[in-house]
Structures are given as structure tokens and as C-alpha cells.
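First up is the structure itself, then whatever we jot down about it.
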Amino acid sequence: MTELIRGKCIESHHIDNGESIQFLYDEKLLSPFTQCMLYFGSLQQINKPTVLKIPKYQSRLEQEWVGSKRAYNAEVPSPEPLALIQTEGVERGMLFEFVEGEPLYKQSEPEKRYQFGKIAGEMHAALPLSSTDWDENEKSQ
């Protein structure tokens, strides 16, 4: 059964800021690691499968959005961050391209988890922390 989430675009390279969005999804999942909601579907303005992530902690959304864009622009293997949105409710979320594959938490093979750790390590090496990042945010980007 397909359901709809409505909202407005806050920031995107694909959608005009302030433009209304209608995200159609047919599957949702509560992440067992981060407790964020993940909605799997599509957005009319973007002609590809997408995932809408609504974080449990809204205060961390802006930092995660900036970090996701930095990782993608540094060519770290990661989903493309497509849009930052405000839903009709009070929540904000991030729209990413959908990447095929089994969720990491379902992987029983240690090699797959190791590979993810290696990618995360490469991401941190490609995007070194500067002292201004730490000073402005009181934590690592």
C-alpha cells in the first residue's frame, strides 16, 4: 500500500527551495541503530528510487545533512543527499538516493561489517576535521 508524505523543500540541488513535495512510499523501517524512521519510495521531482530519513533527534539533522553533502562531494562511496525537507508536521528529514543492498544490521558476515568500517575510515581520512569544525560544533563533523 502506497502512502504519502507532504512537505516543502528547504535545500536541494534538484528541487527549488520552498517547492512543495509529495513523497510516495510503500515501505518504512525504524532503524535499530539510530532509531530514525526510513521511508522507501519516490519523489515526483526526482526520477529515481529515494529514501526519506527522519532522524529521532531533530537537533542533529543539520549537522548530518552537511556531513552527508561533504562526504558525497569528496567522492566517498555514499548515497547522494538529494534534499532537506520540512514535512507538514513538525519534523524535518533528508532525502537520499536509494542504494540497492541488504541493510548492514542484517549482515551476519563479519567481512561485510569490516568493509563498512573501512569505508567509514576512508570517509574520515578524505574529510579531515579542522579545529574550526570542532570549535563551532563542539564535536567532530
Side-chain angles (χ1 to χ4, degrees), residues 1-15 17-141:
M1 179 177 163
T2 301
E3 295 188 45
L4 176 68
I5 295 175
R6 290 189 165 110
K8 292 207 178 290
C9 177
I10 298 171
E11 180 185 337
S12 175
H13 286 97
H14 302 277
I15 307 166
N17 292 353
E19 184 175 340
S20 293
I21 60 116
Q22 293 188 1
F23 180 77
L24 295 170
Y25 70 94
D26 50 16
E27 182 182 353
K28 66 181 177 180
L29 167 74
L30 177 64
S31 168
F33 294 121
T34 62
Q35 300 300 302
C36 66
M37 285 302 301
L38 301 171
Y39 299 87
F40 302 89
S42 62
L43 187 67
Q44 177 183 1
Q45 294 93 329
I46 298 171
N47 191 21
K48 60 175 138 182
T50 53
V51 177
L52 174 60
K53 179 179 181 180
I54 308 265
K56 178 178 181 179
Y57 301 105
Q58 289 282 301
S59 62
R60 297 182 187 162
L61 179 117
E62 202 66 41
Q63 180 178 351
E64 185 175 352
W65 173 249
V66 169
S68 297
K69 290 188 310 181
R70 287 175 72 187
Y72 183 79
N73 291 333
E75 299 181 2
V76 172
S78 57
E80 180 183 4
L82 301 169
L84 185 62
I85 67 160
Q86 174 74 48
T87 67
E88 283 187 337
V90 296
E91 298 173 316
R92 294 175 300 148
M94 297 172 284
L95 194 65
F96 291 93
E97 74 174 314
F98 176 76
V99 176
E100 288 287 338
E102 186 175 31
L104 183 63
Y105 73 89
K106 289 184 178 180
Q107 287 293 331
S108 59
E109 300 173 43
E111 178 61 28
K112 301 276 183 168
R113 292 176 189 236
Y114 170 80
Q115 192 63 20
F116 175 78
K118 186 176 174 184
I119 291 169
E122 290 169 359
M123 177 181 71
H124 288 286
L127 299 170
L129 176 67
S130 73
S131 62
T132 57
D133 287 339
W134 188 271
D135 292 341
E136 292 172 6
N137 297 295
E138 299 178 5
K139 61 186 93 167
S140 168
Q141 288 285 345

Please examine the side chains of [Y] and [X], heavy atoms only from C-beta on, and report whether any two atoms are closer than 4.5 Å.
{"X": "F40", "Y": "V51", "value": "yes"}
{"X": "I21", "Y": "L95", "value": "no"}
{"X": "Y25", "Y": "L52", "value": "no"}
{"X": "L43", "Y": "I15", "value": "yes"}
{"X": "H14", "Y": "Q45", "value": "no"}

Minimal non-hydrogen separation, [X] against [Y], with atom names:
{"X": "S42", "Y": "T50", "value": "CA-OG1, 3.4 Å"}
{"X": "P81", "Y": "F96", "value": "CA-CD2, 3.6 Å"}
{"X": "S31", "Y": "L38", "value": "CB-CD1, 4.5 Å"}

Indicate yes or no for a side-chain donor-acceptor contact from [X] to the backbone of [Y] under 3.5 Å, with no hydrogens or angles considered.
{"X": "S12", "Y": "L82", "answer": "yes"}
{"X": "E11", "Y": "A83", "answer": "no"}
{"X": "Q58", "Y": "P55", "answer": "yes"}

* To do: Assess whether atom CD of Q35 is packed by more than 12 heavy atoms of other residues, nucleotides or ligands within 6.0 Å.
  => yes
* **Salt-bridge present (E64, K53; N to O < 4.0 Å)** => yes
Quick one: list whatever passes side chain to side chain donor-acceptor pair (under 3.5 Å) with [X], sequence neighbours left out.
{"X": "Q44", "answer": "none"}
{"X": "T87", "answer": "none"}
{"X": "K48", "answer": "E80"}
{"X": "E27", "answer": "none"}

How long is the gap from [atom1] on [X] to [atom2] on [Y], to the nearest 0.5 Å?
{"X": "K8", "Y": "I85", "atom1": "NZ", "atom2": "CD1", "result": "11.5 Å"}
{"X": "K56", "Y": "M37", "atom1": "NZ", "atom2": "CE", "result": "12.5 Å"}
{"X": "I5", "Y": "Q22", "atom1": "CD1", "atom2": "CD", "result": "11.5 Å"}
{"X": "L84", "Y": "K69", "atom1": "CG", "atom2": "NZ", "result": "8.0 Å"}
{"X": "E88", "Y": "L4", "atom1": "CD", "atom2": "CG", "result": "8.0 Å"}
{"X": "C36", "Y": "R60", "atom1": "SG", "atom2": "CZ", "result": "11.5 Å"}

* What residues form a salt bridge (Lys or Arg N to Asp or Glu O under 4.0 Å) with E62, not counting sequence neighbours? -> R92
* Apply salt bridge (Lys or Arg N to Asp or Glu O under 4.0 Å) to E97 and list each qualifying residue two or more places apart in sequence or on a separate chain. => none
